[in-house]
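Report on the following structure.
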2 protein chains.
Amino acid sequence: MSNQDLVLLDQTDGTAGTSGTSSASGTADVSGSADCCPGLLTAPLDGDQAAELAKVFKALGDPVRLRLLSMIASRAGGEVCVCDLTPAFDLSQPTVSHHLKLLREAGLIDCERRGTWVYYWLVQEMTDRLAAILTRPTGAPAPDGAAS
Amino acid sequence: MSNQDLVLLDQTDGTAGTSGTSSASGTADVSGSADCCPGLLTAPLDGDQAAELAKVFKALGDPVRLRLLSMIASRAGGEVCVCDLTPAFDLSQPTVSHHLKLLREAGLIDCERRGTWVYYWLVQEMTDRLAAILTRPTGAPAPDGAAS
DNA sequence: ATCTTGCATCGACAGTTATCGATTCAGGCG
DNA sequence: CGCCTGAATCGATAACTGTCGATGCAAGAT
């Protein structure tokens with residue numbers, strides 16, 4: 001049902017072909033392919049849209065993952081080695097790896113293996129999309145006609 | 001540490017004084033009070049910021065709650081009676097009530113009792129803030145590490 | 001006062017998730 | 001080749017979450 005949606009995301013890990021991390025296995029999509037910016041604030045979501053979007057927000061719904069994402073994203077150029085991320089947390093290496101996997105499956109980050117190390121970066125399309133979804137369309141009428 | 005933060009949100013439920021739903025009891029905050037737009041994409045979050053933000057995203061990380069939120073928010077004027085929301089789902093009334101409670105505790109919606117019915121509305125400040133947090137500051141250099 | 005309706009709360013249960021240690025895999029190096 | 005390092009995967013377990021039916025509470029109607 002959501003096949004063509006992944007194209008938008010797959011382009012980002014085209015370089016990850018050499019990666020052994022099986023990237024882009026189950027990346028989630030946000031908006032339906034048909035409508036570019038459904039809105040969330042403008043019209044009721046249908047079940048499918050809500051399910052896809054919930055996957056991404058769920059990935060963001062953990063402090064560790066938020067910190068990981070911010071650490072990755074704040075590298076404007078983008079790449080962070082896992083070896084830089086793991087020691088920043090009071091968690092085991094498998095746990096950090098697990099969180100990174102969830103972020104990657106949500107389509108928020110992507111990775112590439114380079115020698116011994118694996119580098120992660122932000123998938124900006126996804127955060128942009130989320131921001132758009134949470135942004136009330138400009139010029140939206142002031143909410144005074146509730147009862148219509 | 002996060003007392004004055006709630007002021008921004010309390011203003012929206014000033015009318016809820018008559019509400020018996022104990023509104024604004026444990027509403028979550030998003031950004032620290034000092035910095036208006038921490039970013040998430042510009043600088044690593046500290047633990048407290050991440051925890052607060054995660055609460056809100058976690059509330060959004062469920063399809064039912066996303067649909068509830070979109071149903072509430074898409075009423076431009078904003079008020080939706082619970083009696084209009086509950087039958088839209090294949091869930092029991094307590095379950096829907098539970099989801100509404102989580103959204104309210106996350107600071108995303110607020111409510112007021114009016115006679116027999118309870119009305120919910122969107123707290124736009126929160127979605128605005130989330131959008132800002134997910135928006136890369138204008139003029140930020142495009143991370144070419146991903147595309148290339 | 002009693003009944004009825006709308007919604008929140010409670011307690012229980014099933015499914016999910018976060019976490020760990022142990023293991024495995026990928027690559028570089030002796 | 002075997003060894004070492006970095007990171008992902010596997011299994012197990014504790015904690016959390018979504019869901020329900022039953023109950024309680026608020027407010028209007030009879």
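Throughout, protein chains are lettered first and strands after them, A, B, ... in sequence-line order, and every chain is numbered starting at 1.
Contact annotation for B:Leu102: backbone-only contact, meaning every heavy-atom pair under 4.0 Å involves sugar-phosphate atoms and none involves a base. Counting non-hydrogen atoms under 4.0 angstrom, B:Arg65 reaches the backbone sugars and phosphates but no base.
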I would like to know whether A:Ile133 and A:Leu41 meet side-chain contact (heavy atoms from CB on, under 4.5 Å); could you show each step before the answer? CA-CA 7 Å; A:Ile133 283 173; A:Leu41 305 182; over 6 Å; no
Could you walk me through whether B:Met71 and B:Leu85 satisfy the side-chain contact (heavy atoms from CB on, under 4.5 Å) test, starting with their C-alpha distance in whole Å, then the side-chain angles of each, then the deciding distance to 0.1 Å, before giving a yes or no? CA-CA 8 Å; B:Met71 290 175 71; B:Leu85 296 172; 3.8 Å; yes
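At whole-Å resolution of the value, CG in A:Asp84 and P in D:dG6 are 11 Å apart. Between the CG atom of A:Asp62 and the P atom of C:dT16 there is a distance of 18 Å, rounded to whole Å. For B:Lys55 and D:dC16, the NZ to C1' distance is 15 Å, given to the nearest whole Å. For the pair B:Glu112 CD and C:dC7 C1', the computed distance is 15 Å after rounding to whole Å. When rounded to the nearest whole Å, the span between NE2 of B:His99 and P of C:dC7 equals 16 Å. A straight line from CZ of A:Phe89 to C1' of D:dA7 spans 16 Å, rounded to a whole angstrom. With rounding to whole Å, B:Arg114 atom CZ is found 16 Å from D:dG28 atom C1'. One can place CG of B:Leu85 at 15 Å from C1' of C:dA8, the figure rounded to the nearest angstrom.
Checking C:dC7, C:dA18, D:dA8 against every side-chain atom of B:Val82, the shortest atom distance belongs to C:dC7. The side chain of B:Arg113 has C:dG6 as its nearest neighbour among C:dC20, D:dT9, C:dG6. Side chain of A:Tyr120, nearest nucleotide from C:dA8, D:dA8, C:dC20: D:dA8. With C:dC7, C:dT19, D:dT17 as the candidates, the nucleotide lying closest to the side chain of B:Lys58 is D:dT17. Closest approach to the A:Leu91 side chain among C:dC7, C:dT19, D:dG18 is made by C:dT19 (side chain taken as heavy atoms from C-beta onward). Of the listed nucleotides (C:dG6, D:dA8, C:dA18), C:dA18 has the atom at the smallest distance from the side chain of A:His98. Closest contact between the side chain of B:Cys83 and the listed nucleotides C:dC7, C:dT9, D:dT5 involves C:dC7. The side chain of B:Ser92 approaches D:dG21 more closely than any other nucleotide in the set D:dG28, D:dG21, D:dT9.
Between A:Lys55 and A:Glu105 no salt bridge is recorded (no basic side-chain N to carboxylate O distance below 4.0 Å).
In terms of position along DNA chain C, the nucleotide closest to A:Gln93 lies nearer the 5' end than the nucleotide closest to the other residue of the pair A:Gln93 and A:Gly115. Where A:Trp117 and B:Val96 meet DNA chain D, the nucleotide closest to each residue was compared, and A:Trp117 sits on the side nearer the 5' end.
The backbone N or O of A:Gln93 lies less than 3.5 Å from no partner atom in the side chain of A:Ser97, so there is not a single donor-acceptor pair. Side-chain atoms of A:Thr95 do not come within 3.5 Å of backbone N or O of A:Leu91 as any donor-acceptor pair. A donor-acceptor pair under 3.5 Å links the side-chain atoms of A:Arg65 to the main chain of A:Ala59, judged by distance alone.
Proximity of B:Thr116 to the phosphate of D:dA27: no side-chain N or O atom is located under 4.0 Å from OP1 or OP2. For A:Thr95, no side-chain nitrogen or oxygen approaches OP1 or OP2 of C:dT19 to under 4.0 Å.
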